[in-house]
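Working notes, structure below.
Letters A, B, ... mirror the listed sequences (proteins, then strands); counts begin at 1. Predicted model, so just to flag it, every value in this text is computed and none were measured.
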Number of protein chains: 2
Amino acid sequence: MSRKNEILKVAESRVRTGGYNNVSHREIANEIGIKSASVHYHFKTKEDLGAELAHQYTDSFLHALGEPADMINSGENPVARYIELFRTALIRDKKMCLCGLLGAESDCLPDKVRFEIKRFFELNIEWVKQSYVLLTPDDAAHAKTRAIKLISVLEGALMMSKAMDDIELFDLATLDLDLVGSAGSAG
Amino acid sequence: MSRKNEILKVAESRVRTGGYNNVSHREIANEIGIKSASVHYHFKTKEDLGAELAHQYTDSFLHALGEPADMINSGENPVARYIELFRTALIRDKKMCLCGLLGAESDCLPDKVRFEIKRFFELNIEWVKQSYVLLTPDDAAHAKTRAIKLISVLEGALMMSKAMDDIELFDLATLDLDLVGSAGSAG
DNA sequence: GTCTATAATTTGATAGAC
DNA sequence: GTCTATCAAATTATAGAC
């Protein structure tokens, strides 16, 4: 793993644990065995580090999701996979969604970081919306609203599970979610 | 307003904007015209300040909610008021829920603060659960799960609205929520 | 090209002034 | 009782070593 990716990895862990102000050059440097000032060679400013971190997180997230159309062709429900990816963040990483936590802090973030957070949600809304359109073409008019509802409950469920230190809360919150039917048809 | 409450007010604004690490003694002090060290007279440590802030926020939130039984007696839907209180946080304050943001950072917070965040969500789940029990006694078995779902979507909707800097997202996410019927009956 | 010595600023806290 | 001078540690950044 390149030095740059080592830095991003440590930064991701720390930001997903406590937000933008929970990461510092020194802690990153200590963890990978360089001096804190060395981080500045790889990322000119902290703002640049944060922005590149969020951008890469978004790309990696979308890559893990894949293409809704492909999934449907192979008999998989893309919305179910979307939910599962959020669950993975909680179960495997034991951490928040990077862009969820940063999104909540948006008003105090540097411009470049805020821009990348927005990009994450725009692309996520579009991905889920497209999935709903493919799953239920007759209800295409509601696809975007349903996408926003789904992402909201997933981000909120992550947040509550961390707050209560109880993974089961996530499963309760995401029980019988809107997988296929029109908004609120599950249950 | 007492000095102590002045400090809490500034701290609340800053924490709700950027989390626990977004507040500092100096900024608090500057804003109210004292020296940063003076804050330590009113709150021994930052942990104590954070804990008292979260405790007071929780009490104030519950007080604004009132008693579900009273509301039902006077013909008001308590769940509708609950949703409205979250909306107020966004529209009037233009800020996150204090305990939502801190909850997402839970793993890096001092013990006393984490304890208060947990208390917020425990009391909120209980309040909403009780409301559902009163509204739909026949579905009492699902009341707690429905409460968790509702709080999740509200916290997530706040988060997304801040991330996208778009209040309308909150209204879309909370359109046709589970006000009375059993889980997922809305739509 | 990669990294570090060093610095300016900020942070949380103590010891003590009035 | 209320507040401040002062401090030790941490944070981001620069200038320059190798």
Side-chain angles (χ1 to χ4, degrees), chain A residues 1-55 98 101-102 105 107-116, chain B residues 1-55 98 101-102 105-117:
Chain A
M1 182 183 285
S2 75
R3 181 80 357 138
K4 194 165 182 174
N5 280 331
E6 276 187 284
I7 292 172
L8 285 171
K9 190 181 164 190
V10 175
E12 176 183 325
S13 170
R14 297 209 47 99
V15 173
R16 286 177 64 188
T17 301
Y20 187 75
N21 292 317
N22 192 47
V23 73
S24 78
H25 293 72
R26 207 171 63 107
E27 279 161 332
I28 293 172
N30 283 351
E31 200 146 331
I32 63 182
I34 56 176
K35 296 295 174 184
S36 77
S38 304
V39 177
H40 286 280
Y41 168 68
H42 301 279
F43 302 94
K44 198 161 202 287
T45 66
K46 185 173 175 178
E47 174 172 4
D48 291 326
L49 169 55
E52 200 159 329
L53 178 60
H55 191 93
L98 181 101
L101 182 36
L102 288 180
E105 300 180 324
D107 285 340
C108 83
L109 294 180
D111 286 345
K112 288 182 189 171
V113 183
R114 200 165 42 225
F115 177 85
E116 294 296 336
Chain B
M1 183 182 286
S2 75
R3 182 76 3 133
K4 194 166 183 173
N5 280 332
E6 276 187 284
I7 292 171
L8 284 171
K9 190 180 166 189
V10 176
E12 176 183 326
S13 170
R14 298 209 46 98
V15 173
R16 286 177 65 187
T17 301
Y20 187 75
N21 292 317
N22 193 47
V23 73
S24 79
H25 292 72
R26 209 170 62 108
E27 279 162 330
I28 293 173
N30 283 350
E31 199 146 331
I32 63 182
I34 55 176
K35 295 296 172 182
S36 77
S38 305
V39 178
H40 286 280
Y41 168 70
H42 301 280
F43 301 94
K44 198 161 204 285
T45 67
K46 185 173 175 178
E47 175 172 3
D48 290 326
L49 170 56
E52 198 157 332
L53 177 61
H55 191 94
L98 181 99
L101 181 35
L102 288 180
E105 301 181 325
S106 222
D107 285 340
C108 82
L109 294 180
D111 286 346
K112 288 181 190 171
V113 183
R114 199 163 45 223
F115 177 86
E116 294 297 337
I117 303 305

- With the side chain counted from C-beta on, respond yes when B:Glu105 and A:Leu101 share a heavy-atom pair under 4.5 Å apart, and no when they do not. yes
- Item | Nearest-Å distance for atom pair CD1/P, residues A:Ile32 and C:dT2 | 14 Å
- Query: Which whole-number value in Å describes the distance from A:Ile34 CD1 to C:dA5 P?
  - Reply: 12 Å
- Message: With a 4.5 Å cut-off on side-chain heavy atoms, are A:Tyr20 and A:Cys108 touching?
- Response: no
- Query: Which of these nucleotides, D:dC3, C:dT11, C:dG1, is closest to any side-chain atom of A:Tyr41?
  - Reply: C:dG1
- Within the pair B:Arg3 and D:dG1, is there a side-chain N or O less than 4.0 Å away from OP1 or OP2? no
- Salt bridge between A:Lys4 and A:Glu52, side-chain N to carboxylate O under 4.0 Å? yes
- Message: Any heavy-atom pair between the side chains of B:Leu8 and B:Leu49 that's under 4.5 Å?
- Response: yes
- Query: Please give, in whole Å, the distance from D:dA13 C1' to A:His42 NE2?
  - Reply: 16 Å
- Rounded to the nearest Å, what distance is computed from the CD1 atom of residue B:Ile28 to the P atom of nucleotide D:dC3? 14 Å
- What's the CG-C1' distance between B:Asn5 and D:dT2, to the nearest Å? 16 Å
Output one line per pair: protein atom, nucleotide atom from nucleotides 12-15 of chain C, and distance, for all N/O pairs under 3.5 Å.
| residue | atom | partner | partner atom | Å |
| --- | --- | --- | --- | --- |
| C:dG12 | OP1 | B:Lys46 | NZ | 2.6 |
| C:dG12 | OP2 | B:His25 | N | 3.2 |
| C:dG12 | OP2 | B:His25 | ND1 | 3.4 |
| C:dA13 | OP2 | B:Lys46 | N | 3.0 |
| C:dA13 | N7 | B:His40 | NE2 | 2.8 |

- Item | Contact check, side chains of A:Glu12 and A:Leu98, non-hydrogen atoms, under 4.5 Å | yes
- Item | Rounded interatomic separation in angstrom, taking CG from A:Asn30 and C1' from D:dT11 | 13 Å
- Item | Residues A:Arg3, A:Glu6: salt bridge by 4.0 Å N-O rule | yes
